[in-house]
Every structure is written in C-alpha cells, then in structure tokens.
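Okay, so here's the structure we're looking at.
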There are 4 protein chains.
Amino acid sequence: MLREHRRQQILESAKKVFAAKGYHATGVADIIKDCGIARGTFYLYFGSKRNVFETILDAFLELLKERIPRIDETVGIEGIKKQIHDNVTGVLSAYAENPDMARILLNEAVGLDKEFDRKLWDFYKDFLGLIEDALVLGQEMGIVRPLDTRIIAASIHGSMQEVVRRVLHGRFDMDLDQVVEEILAYNIRALFVPELVEAWDRL
Amino acid sequence: MLREHRRQQILESAKKVFAAKGYHATGVADIIKDCGIARGTFYLYFGSKRNVFETILDAFLELLKERIPRIDETVGIEGIKKQIHDNVTGVLSAYAENPDMARILLNEAVGLDKEFDRKLWDFYKDFLGLIEDALVLGQEMGIVRPLDTRIIAASIHGSMQEVVRRVLHGRFDMDLDQVVEEILAYNIRALFVPELVEAWDRL
Amino acid sequence: MLREHRRQQILESAKKVFAAKGYHATGVADIIKDCGIARGTFYLYFGSKRNVFETILDAFLELLKERIPRIDETVGIEGIKKQIHDNVTGVLSAYAENPDMARILLNEAVGLDKEFDRKLWDFYKDFLGLIEDALVLGQEMGIVRPLDTRIIAASIHGSMQEVVRRVLHGRFDMDLDQVVEEILAYNIRALFVPELVEAWDRL
Amino acid sequence: MLREHRRQQILESAKKVFAAKGYHATGVADIIKDCGIARGTFYLYFGSKRNVFETILDAFLELLKERIPRIDETVGIEGIKKQIHDNVTGVLSAYAENPDMARILLNEAVGLDKEFDRKLWDFYKDFLGLIEDALVLGQEMGIVRPLDTRIIAASIHGSMQEVVRRVLHGRFDMDLDQVVEEILAYNIRALFVPELVEAWDRL
DNA sequence: GATGAATGAGCTTTCATTCAT
DNA sequence: AATGAATGAAAGCTCATTCAT
C-alpha cells in the first residue's frame, strides 16, 4: 500500500522535527521540507498539525501500554522479581528505542492544550493504577510495607520518568541494564518489608 | 510605590492566566483583560509576553533555591533528620503556596523554547548537584548505601516533582505533612544502610 | 519670560534630534530626554510632534526668505554684482549657520506628508519666482541671454541646493567663500550674454 | 511564469501607492488592496514593506545607471556633443517614463533611514564621479574651463535633478527635448571655455 | 506649570489551512 | 494523488497623545 507508506514517511519526519524543535517551533513547513512533499499532500494524510502530533503521541502511549502487563502474582517471589525486572526493562527500553517519541512525550506534550493534558493524565492514571494495584497486592501478600499507595505510585512513576528524561537529554553515558538495576535497588528498598529486601538481594 | 504595585498586579494576572491557559494559548490580550489595563500599559512594565513569563519563572526558581539550603552535617544524625525534614517541607510548601507558579514551572515552562529549556536544566542541575553532594556526603559518613549518585539524585528529584504535580492537579486531598512523611519514609529506606533505617524510625 | 525660554529649549532639542535621526525615527521620547522635561510638558508647549517640526521648518523658511531681498536694478552693473554676491552668500551662510535646520529642510521635510509638501512647494515657488523675476529683468536689461526662465530658475535653485546638501553632508572641506565663487562663476557664464561675462570678471 | 507575473503586479501596485502616499503613509494594507491580494500573499513575494520599497528603488537606480555610459572622448567634439546630448536625454527620459519610480527616488527615499541614505549617497557618489571624470577629462582636453570639479559636479547634478523634480510635479507643460536643450545650453556656457561655446552652438 | 503613568488605534508579520490546477 | 500559491485571522508590539495628580 503506497498510501500507508507515504503516511509513515510523514510521521517519521514529523517525529524527528517535533523532537528536535518542539511542537510550537515546528511549522508544517519544516515537516514537509524534511519529507520532501508538498503542503497540500500533508493535509491529504493528516487533518492538521495537531493531528499528526496526536497520532505520534497515541502510538507511543499504545507502545508503552503494551510493555506494562499486569503482574502475575501466582508464580512465587522469584517469578515476581523477574516480572518486575522485565517490566521496568520493557518500559525503559521502549523509551530508549524511540528517543524522538520519548522526547515528545516527556518534553513537548506537556502543557500543549487542555485536550492533550487530559489524554496524558488519563494515560498516567492507568499507569499509576497498575502500579497502585501492584502495591496493594504486595501489601496483601505481606511483601510491601504499609504506605500510601497513591503517593508512592506517583513517586515511582516520577523517579523513573525523571531518570529517563535525563538519559534522553544525553547527560548519562550509562547502559540500560545499569539504570534498571539502580532503579530496582532503589525502589525495592523503598517499598518492601525489611525481611524481604535481604532475601530479594540474595535471589 | 504605585509603580511597583501595578507591576505586581500584572504579574499576578499573568501568573493566573498562564497557569490556567498555558503559555501559548495565553495572549497579551488575556493578561490585560484580567488586569483591567490597556495594551500599552503592559509594555510599560514588561518588554514582552516572554519577558513576563520569564520574570514569573525566575522568581519562583529563586524562591525554590532559598528553600534548599545546604545540609550541615556536623550536627549529628538527629539534626540531619530535622534538616532533611525541613528542606522537604520547605520545597513542597513553596509549591503548595504558589500553585500557579508551580503549575507554570511544571507544565508550561517545559519545552517552551531552547533558552527556557537551558534555564530549567541549569536550575535542575544545581538542584540535583545539591542532592548528589548530600548523597556523597552520606556515603562518606556511612549512612547512605552504595549507589549511583547521579541516577538516584534524578530519582529523588523526579519522585518529589511527580508527587507535587499530582497534588497540584487536585487529585490528592491529603495534607502536606502526610506527603512529606511518605516521601521521607520512601527515600530513607531507598537510600540508607539498613541499620540506620531502623534507628532513623526510632528517632 | 520663562515660558518662552522653555519653548526655545524644546525647539533646540527637537532641532538637534530631528536632524540627527530624521523625523520618523525621532520619537517624542527622544526630544524630551534630550531636553530633560516630562512628556506632558512637551504637549504644554506644542500640540504635537508634527507641530514642533513645522515650527522649526517655518522658522528656517522665514530666515531664508529674509536673506533673499529683491534685487535693486537701478544701481548699475557693479552694484548688481555685489547684490547677487551678497544674496548668494546670505543664503548659503543661512544654511551654514544652521546646519541642523538645513538638514531638516533638505533631507527630512521631503515627502513627509501632503501638507508639508505643499508648504515646501509654496516656499520654493516664491523662491523660484524671485529668481525668475531677476532673470526676466536681466533679459530686459540685455544682460541675461535668451533662455526659458522657469527651467533655468529651477536649475539655479537645484544646483545651489545640491551643493549645500553635500557641504552639509561633510564631504567638502572648503570654505563658504570658495563655494560662493564657484557657484557664481558657474551661473554667470551660464546665464549672461557673452560680452558681459568678460566684463563681469574684470569688475 | 505566473509567479513572476504576480511579483510584478505587486511591484506595480507598490510603486503606485508609494509614489502617491509616500513610504510611511503607505501600509501593506494599501498595497494589497490596490493589488487585490491577501496579506499573506504579499509576504510570499516580499519579506517586508521595506523590502518592496528597496526592490523598487534598486531597480530604478539600476535603470539610471544603464543610461549613463562613460563618455568616449576619442570621437571628436561633434561626437562628444552627441554623446552628452544622448546621455542627458537618456537620464531625463528614464525619469519621464517612470514617473512613479522617479517620485519615489526624489521624494520618498530621502531621509527614510540610515541604510537607504547610504544607498542613495553611494549611488550619487558614482553618478557625481562620472560627471567629475568627464569634467577633468574636458579640462585636460582644454574644453572645460578651470573650476572646482567637485562643486560643479554637484551643481550639474542638482540642477538636473531639480528640473526633473519640477517636471514630475506637473508644473511644466514642456516637452523633453526642450528641457534637454535648455539644460545643455545652460551647462555648456557654464562649463566650457568661451571659444568652444561659440563653436559648440555652430555645430 | 509640571509630571509621567496610562491609553488604544494601528502597524507589521506569521502560519495553519484551503483549493484551483 | 499531488501540488504550491493563496488565504486571512490573529498575534505581538509601538508610540503619539491624554489626563489625573
């Protein structure tokens, strides 16, 4: 399908330019120049500048969602450890593999307009919901210490997001695994009951 | 000082409107309407729309800086605990007391343009530097566990920022002290050597 | 009279600034800054920016008019030569002694608006009228060769004006007398019947 | 070339309006109204109001330059006479054929801003340079009397310019040839050695 | 008389979007 | 399907002038 291919071309160009210059500083002119198409052609595939941006954002949010499956608690502590490890790695690598999209999500999509804000809050609400569910489950299983699950879910999310932001900004020259290890070590201690922390490290 | 008073009026209106509508969606027209002044009057006090925004942002960054004094480590563990507690409370209350400014910093100032981005990164660099210094100091004192100070400094910053963001968004109906307690409990466990965590809680 | 003194102060400042920056590039702000008075004070003495400009221009046009008295032809050729010499010297020295006003007249007042244009044309019409009258008279006396008085009056005026313009622009480092001599030598030859030219030079 | 045609359309409208209302009194609104195009279209072809004006001015200066070729002195006195006649006719007809451009050059471009002033002075410097060269050459050939070439070059230029200005202003109902004859007769007498003037008229 | 803060009409310019070809 | 010239609403900003003190 040629049509689909052309659509993807535009999306790629838009992604690149939005990430590099920001939403407002990017004009439709920048996108079509990068893409080598005419102004009118752009509007043949996307209704508006806002619409391309939304498409890009939606795709990345979808991608992120897939990387965070619900935790299966029936597989024992060792299995849980592996799941958590995989989830964190999955999310972080989603960012790492799509730096442009990540930059757009973390830097450009913030404060764009009311509707985008709602979309992001909705996404994060789901994301935090999953974290909260996991925390509650952990508390029921006795492995997570007593804490306010809402505040702590936000903390976890915020700490990961900020680390990602700084890695993307190019300040950290470290590899993904090291980042995952640090984040896990940090949160394990922050969340789990003391007895488990010891055991965890021995796993 | 009538002049200073008028300047403050404009700043207040600008703060309100920027926080409510966002930087780009806000026109000078919105600010002067809220303020009840003429177009020209606005430009008598501020050189441009960007300039008012910058003034607001700078003021808030300055305010935040004042709330984060360097930690005095010579006062014993109990004194350190109090300092940390005060610092966290200080920063969070700076946000709580200036919700508009906070919203502007966290939502509007992100991705505005290259120069604002640099300003923010510079500010955060200082902020993270202080956290890192404290972590390194803690490690030297044997109270902070071995960890990558850069990643963890980012984590701490990110976790606090995200919590603030969500409190501002109005979803949390909790009071400041509770938030501070949760954040501290979270980070104490995440950072300190196990022996200290126990002692800490007993303080 | 203090009032008159203040008025002159403003006129002097305005003259200076208009000559230096041009009418449009000059703001009321420039004038009052140079003058050290308040905005409102300016409008106490002059109804508008245009009005100050007009006042300056009128004054200079008046000054110029005084320097060009009608020629008295009853005094013999030698007397006429002296009169012409004095008139040319008078006009040129009016420019030389008021370089700011001259610059304003020659560079700024051109093409300002319909009304100024009319004022200037009227002035020049009078000026050219005097020259034409002198030419006609000269023809009647048999000392001016046959020529189209309108065209030649314009030529005379234009040649003098352009020389003044260039002197003002600072390109010529010559003194007034030399300029007068050249202009006279130029026009005498251009205008007079051949026999007279010779006689003229011997006078 | 539709694009070039549209560009010319805008230039024509701009020329007309600038000549009629003057640079400052003319708004982009006036130009596009005269032209029947939208605001944006204007900026598609010209970067700014100043830019159109400059384009018009440059074009006319270029046109004038072409009309003033260097004089070839090797062709004998009769040939020189013809060349001078042709040059003067050429320049004057350039003005006559482009009254709007001429009005813009003579009335609007004066005192617009520093940069335009420099452009004009540069052009006139070249123009006067050519005249001066011709005068010096004439002196070497013994046909031009002793005179200050700089002052007289300015006189010549000024006299021609002023005549043009008045013709454009519509006060003169005479034809071009007559004007040329008068200007030549005037300057021949003013410049040449007496013996030549006589010979000249006999040619 | 003097002040200078306040005014607002009006300017130039931008850019997402449309539409005739 | 593709083009790119044309559009025009809307933005930021200036500055001569006014007027309450």
Side-chain angles (χ1 to χ4, degrees), chain A residues 2-3 6-7 23-33 35-53, chain B residues 1-7 9-10 24-32 35-52, chain C residues 2-3 6-7 23-33 35-53, chain D residues 1-7 9-10 24-32 35-52:
Chain A
L2 241 69
R3 199 177 150 74
R6 170 59 54 97
R7 204 182 124 88
Y23 179 77
H24 281 104
T26 297
V28 174
D30 298 306
I31 299 173
I32 63 175
K33 200 201 300 172
C35 201
I37 60 169
R39 261 187 137 67
T41 311
F42 174 87
Y43 285 92
L44 242 40
Y45 290 87
F46 295 95
S48 68
K49 170 182 161 185
R50 202 181 173 289
N51 181 235
V52 216
F53 189 82
Chain B
M1 277 277 107
L2 245 71
R3 208 180 139 72
E4 186 53 30
H5 176 247
R6 170 55 54 97
R7 202 183 128 88
Q9 270 191 312
I10 299 177
H24 280 104
T26 297
V28 173
D30 298 305
I31 299 173
I32 64 177
C35 202
I37 60 170
R39 256 189 145 62
T41 309
F42 174 85
Y43 285 93
L44 227 49
Y45 291 87
F46 296 96
S48 66
K49 168 182 158 183
R50 203 178 174 288
N51 181 234
V52 217
Chain C
L2 242 69
R3 197 174 154 76
R6 170 60 53 96
R7 206 182 124 87
Y23 180 77
H24 281 103
T26 296
V28 173
D30 297 306
I31 299 173
I32 63 176
K33 201 202 298 170
C35 199
I37 59 168
R39 261 187 138 65
T41 310
F42 174 87
Y43 284 91
L44 242 41
Y45 290 87
F46 295 96
S48 68
K49 170 181 160 184
R50 202 180 172 291
N51 181 232
V52 215
F53 189 82
Chain D
M1 275 274 110
L2 248 69
R3 210 181 138 71
E4 186 53 30
H5 176 246
R6 171 55 54 97
R7 201 183 128 90
Q9 269 191 312
I10 299 177
H24 281 104
T26 297
V28 174
D30 298 306
I31 299 173
I32 64 176
C35 200
I37 59 168
R39 258 187 143 62
T41 309
F42 173 86
Y43 285 93
L44 227 49
Y45 291 87
F46 297 95
S48 66
K49 168 183 157 183
R50 203 181 176 288
N51 182 232
V52 218

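In what follows, chains carry the letters A, B, and so on, assigned in the order in which the sequence lines appear, proteins first and then strands, with residues in each chain numbered from 1.
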Between [N] atom [atom2] and [X] atom [atom1], what is the distance in whole Å?
X       : N      : atom1 : atom2 : answer
B:Phe46 : E:dA5  : CZ    : P     : 14 Å
A:Ile31 : E:dC15 : CD1   : P     : 13 Å
B:His5  : E:dG4  : NE2   : C1'   : 18 Å
D:Glu4  : F:dA5  : CD    : P     : 13 Å
C:Ile32 : E:dT3  : CD1   : C1'   : 10 Å
A:Asp30 : E:dT14 : CG    : C1'   : 13 Å
A:Lys33 : E:dC15 : NZ    : P     : 12 Å
A:Lys49 : E:dT18 : NZ    : P     : 15 Å

Just jot down the ring pair (Phe, Tyr, Trp, His ring centres under 6.0 Å) partners of A:Tyr23, sequence neighbours excluded, or say none. A:Phe18, A:Phe53
With sequence neighbours left out, what residues match C:Arg7 under side chain to side chain donor-acceptor pair (under 3.5 Å)? none
With the side chain counted from C-beta on, respond yes when D:Arg6 and D:Thr41 share a heavy-atom pair under 4.5 Å apart, and no when they do not. yes
Side chain proximity check, C:Ile37 to C:Tyr45, heavy atoms < 4.5 angstrom: no
Can you give me every donor-acceptor pair (side chain of residues 24-32 of chain D, partner residue at least two apart or in another chain, under 3.5 Å) with its distance?
from, atom 1, to, atom 2, distance (Å)
D:His24, ND1, C:His24, ND1, 2.9
D:Thr26, OG1, D:Val17, O, 3.4
D:Thr26, OG1, D:Gly22, O, 2.6
D:Asp30, OD1, D:Lys21, NZ, 3.4
D:Asp30, OD2, D:Gly27, N, 2.7

Can you name the nearest heavy-atom pair linking A:Gly47 to A:Asn51, along with the distance? N-OD1, 3.4 Å
Can you pull the salt bridge (Lys or Arg N to Asp or Glu O under 4.0 Å) pairs that have at least one residue in residues 42-51 of chain C, sequence neighbours excluded? C:Arg50-C:Glu54, C:Arg50-C:Asp113, C:Arg50-C:Glu115
Does B:Tyr43 put a side-chain nitrogen or oxygen below 4.0 Å from OP1 or OP2 of F:dT14? no
Could you spell out the base pairing of DNA chain F in dot-bracket, with Watson-Crick or G-U pairs whose two distances are under 3.5 Å, [ ] crossing and | to another strand? .||||||||||||||||||||
Tabulate atom names and distances for all N/O pairs under 3.5 angstrom spanning the protein and nucleotides 6-8 of chain F.
from, atom 1, to, atom 2, distance (Å)
F:dA6, OP1, D:Arg6, NH1, 3.1
F:dA6, OP2, D:Tyr45, OH, 2.4
F:dT7, OP2, D:Ala38, N, 2.9
F:dT7, OP2, D:Thr41, OG1, 2.6
F:dG8, N7, D:Gly40, N, 3.1
F:dG8, O6, D:Gly40, N, 3.2

Distance (rounded to the nearest 0.5 Å) between B:Arg39 CZ and B:Leu44 CG: 14.5 Å
